[in-house]
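Nothing here was measured: the structure is a model prediction, and the numbers come from that model. Every chain is numbered from 1 and lettered A, B, ... according to where its sequence line falls, protein lines coming before strand lines.
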Amino acid sequence: MAPNLLQPPRGTHDLIGEDFARHHAVIDTARRIARLYGFAEWATPIFEDTRVFGRTLGDTSDVVTKEMYTFEDRGGESVTLRPEGTAGICRALVSNGLTQGMLPRKVFYAGPMFRYERPQKGRQRQFHQIGMEVLGAAEPLSDAEVIACGWHIQRELGVDEGTVLEVNTLGDTPSREAYRAALVAYFSAHREALSPESQVRLDKNPMRILDSKEAQDRALVADAPTIFAHLTDEARAFFDAVCSYLTGFGVPFRINPRIVRGLDYYSHTAFEFVTERLGAQGTVMAGGRYNGLVESMGGPPTPAVGWAAGIERLAMLLEASGRTPAPPRAVAVIPVGDAAEGAALEVLQALRSAGIVAEIAYKGNLKRRMERANRIAARYAVILGDAELTEGRAQLRDLDAGTQESILLAELPARLS
RNA sequence: GCGGCCAUAGCUCAGUUGGCAGAGCGUCGGCUUGUGGUGCCGGAUGUCACGGGUUCGAGCCCCGUUGGUCGCCCCA
């Protein structure tokens, strides 16, 4: 590697070749399945007024306090590269007056997100997410449908093996307050036994102790009270309905009362698809219900539910399962001698118009162009020599089989379709 | 933000107690001027990540920086 070579900024990476093929396959598949479920795709700006995130993600979350790319633009406005997708979608719903229109709205999105974090496997500073939201639906069927669609996408990608859907409820506000008090009481009684990190959490965000990775915490967490004893009747009925709809959709899941949400706007349903195959960054897809977010964005009270998934993590699973999609194989059109070039261009365009991937090497004799055809993994070569051309024919060579035949140019597109 | 490990050719990596910079793959050319892939022959490519220090001498030892990686934190 040459010295002083420009490198991509820390925590970013170039998507080239098979990396991009996997990345693209994730988005394409998600987009296609989302459409089957009736979701429409939105694209919102990758930077927003800083208040879009500051107000909604919760003032205490690390994402807001330490990890946002925030700066003043030339007009003195504070803008932020989006650290997640949901806030922008909700802002767009409000900005465009869609809270007044037909609800619910089912939205799919894909694109880059930015967080100033220490990079490691499955965690970059510029990363990419797909996500979906059902805006304006309070019914548990919408929670289940959104989860079912996420599960369907993973199954379609072939990355569902080894991944488990874990579901929990965070309850409604009364449930949550009662549970929070019970948790604080329980952990306070065992304060000395907690890890130093969790002692801090006890004061700041006690629910977070539940997903601590510290061995000494886990024993305590195992015996900690769960939210189920503190759910209101409504919250319990809601959760039971979600679970029953999931079963109805055929989605396998297990209840995990330790699931907590990082961002503050969630209530009721919380879920994660987790895998052991990605090391510490094992969450593949995560989401839940956020009934207060649209209102905090200045809109009317609008219940909503959704999820986001890391494209890089899904792409790593694709790679690990050997499912990198292969690009379509081209037909290499090869003129022999200058006189055949005109005919070659006509053949190229005829093939392309028929939807067939066709390429021509920009230079070289027959041998060079055959080598080139091989390097680009072409499936066929169409060899145009003067002798055959006078009869309107060419040689069609099957590069896998090594066989060759004479064919009428007019029959080429149909033959190769 | 914290801790561990790592950085040698385009890629994967060797490099002995500190003593001439290496291999495989890839790439380029030839064997073969109307036929690729597998074969044979040959060539090119490095400020050993960057900066400093120790030493007669540093890819190797020491310090710093940058980047990667694993874990913590956080989170998709």
Side-chain angles (χ1 to χ4, degrees), chain A residues 1-13 16-17 26 57 60-67 83-86 110 112-125 127-131 150 195-198 200-201 204-205 208 211-215 217 260-263 271-275 278-288 306-317 332 334-337 340 361 364-388 394-404:
Chain A
M1 195 180 303
N4 305 321
L5 211 59
L6 250 34
Q7 295 178 321
R10 182 168 208 199
T12 68
H13 64 288
I16 294 174
V26 169
L57 301 187
T60 59
S61 74
D62 275 18
V63 172
V64 170
T65 56
K66 292 188 278 194
E67 297 175 358
E84 55 98 37
T86 303
M113 309 290 164
F114 304 85
R115 292 182 197 172
Y116 189 85
E117 296 185 282
R118 177 101 175 238
Q120 64 186 68
K121 184 186 178 80
R123 190 169 81 181
Q124 286 85 39
R125 289 182 174 182
F127 60 106
H128 300 80
Q129 289 187 328
I130 52 173
S195 66
E197 290 83 3
S198 286
V200 173
R201 292 189 184 107
K204 221 176 81 179
N205 194 353
R208 273 278 157 193
D211 64 353
S212 169
K213 289 173 185 169
E214 296 289 331
D217 291 337
V260 180
R261 275 285 76 90
L263 306 180
F271 64 91
E272 294 180 3
F273 289 85
V274 294
T275 177
L278 293 178
Q281 313 299 323
T283 303
V284 174
M285 180 179 282
W307 53 254
I311 295 176
E312 284 83 355
R313 294 184 187 178
L314 287 167
M316 281 190 285
L317 291 176
I334 301 179
V336 180
N365 56 21
L366 176 56
K367 178 182 166 64
R368 285 274 174 267
R369 291 183 201 236
M370 285 297 288
E371 285 173 351
R372 166 89 189 163
N374 202 54
R375 258 205 315 277
I376 65 172
R379 179 67 182 83
Y380 292 96
V382 175
I383 299 161
L384 301 162
D386 294 336
E388 292 100 328
Q395 292 293 317
L396 175 63
R397 185 170 181 84
D398 182 323
L399 293 174
D400 286 351
T403 56
Q404 189 164 319

Counting only distance, no hydrogens or angles, is the base of [N] paired donor-acceptor with the side chain of [X] under 3.5 Å?
X      : N      : result
A:R208 : B:rC75 : no
A:R115 : B:rC74 : no
A:R118 : B:rG3  : yes
A:Q395 : B:rU35 : no
A:N374 : B:rG37 : no
A:R375 : B:rG36 : no

Measure from the side-chain heavy atoms of [X] and tell me the nearest of [options].
X      : options                : answer
A:Y116 : B:rG34, B:rG1, B:rU35  : B:rG1
A:P119 : B:rG68, B:rU35, B:rG36 : B:rG68
A:R123 : B:rC73, B:rG34, B:rU35 : B:rC73

Just the rounded figure in Å: distance from [atom2] of [N] to [atom1] of [X].
X      : N      : atom1 : atom2 : value
A:N365 : B:rG29 : CG    : P     : 10 Å
A:R369 : B:rG37 : CZ    : P     : 17 Å
A:R372 : B:rC28 : CZ    : C1'   : 15 Å
A:Q120 : B:rA76 : CD    : P     : 15 Å
A:F127 : B:rC74 : CZ    : P     : 16 Å
A:E84  : B:rA76 : CD    : C1'   : 10 Å
A:F114 : B:rC75 : CZ    : C1'   : 17 Å
A:F271 : B:rA76 : CZ    : P     : 11 Å

For [N] versus [M], give the span between their [atom1] atoms, rounded off to a whole number of Å.
N      : M      : atom1 : answer
B:rG46 : B:rC5  : C1'   : 25 Å
B:rA9  : B:rG24 : C1'   : 12 Å
B:rC70 : B:rC62 : P     : 25 Å

Pairing check on [N]: which nucleotide meets the Watson-Crick or G-U wobble criteria with it, both distances under 3.5 Å?
N      : answer
B:rU27 : B:rG43
B:rG67 : B:rC6
B:rG22 : B:rC13
B:rC73 : none

At under 4.0 Å between heavy atoms, what does [X] touch on the DNA or RNA strands: base, sugar-phosphate, or nothing?
X      : result
A:G11  : sugar-phosphate
A:K367 : base
A:G287 : nothing
A:G402 : base
A:R10  : sugar-phosphate
A:I383 : base
A:A286 : sugar-phosphate
A:Q404 : base

Nearest 0.5 Å, please: how far is [atom2] in [Y] from [atom1] in [X]?
X      : Y      : atom1 : atom2 : result
A:I383 : A:E388 : CD1   : CD    : 8.5 Å
A:Q124 : A:R115 : CD    : CZ    : 12.0 Å
A:R123 : A:R118 : CZ    : CZ    : 9.0 Å

In terms of heavy-atom contacts, does CZ of A:R397 have more than 12 from other residues, nucleotides or ligands at under 6.0 Å? yes
Nearest-nucleotide 5' precedence on RNA chain B, A:L366 against A:G310: A:L366
Pairwise 5' ranking along RNA chain B for A:E312 and A:T12, keeping only the more 5' one: A:T12
Do we see a donor-acceptor contact under 3.5 Å between the side chains of A:Q129 and A:E84? no
Decide whether A:D217 and A:S195 meet the rule of one side-chain donor and one side-chain acceptor closer than 3.5 Å. yes
Are any of A:R201's side-chain N or O atoms less than 4.0 Å away from OP1 or OP2 of B:rC73? yes
Please determine if a side-chain N or O atom of A:R368 lies less than 4.0 Å away from the OP1 or OP2 oxygen of B:rG30. yes
For the backbone of A:G364 and the side chain of A:R369, can you confirm whether one donor and one acceptor N or O come within less than 3.5 Å of each other? yes
For a quick test of reading the model, state the closest non-hydrogen atom pair linking A:A381 to A:I334 and the distance between them. CB-CD1, 4.2 Å
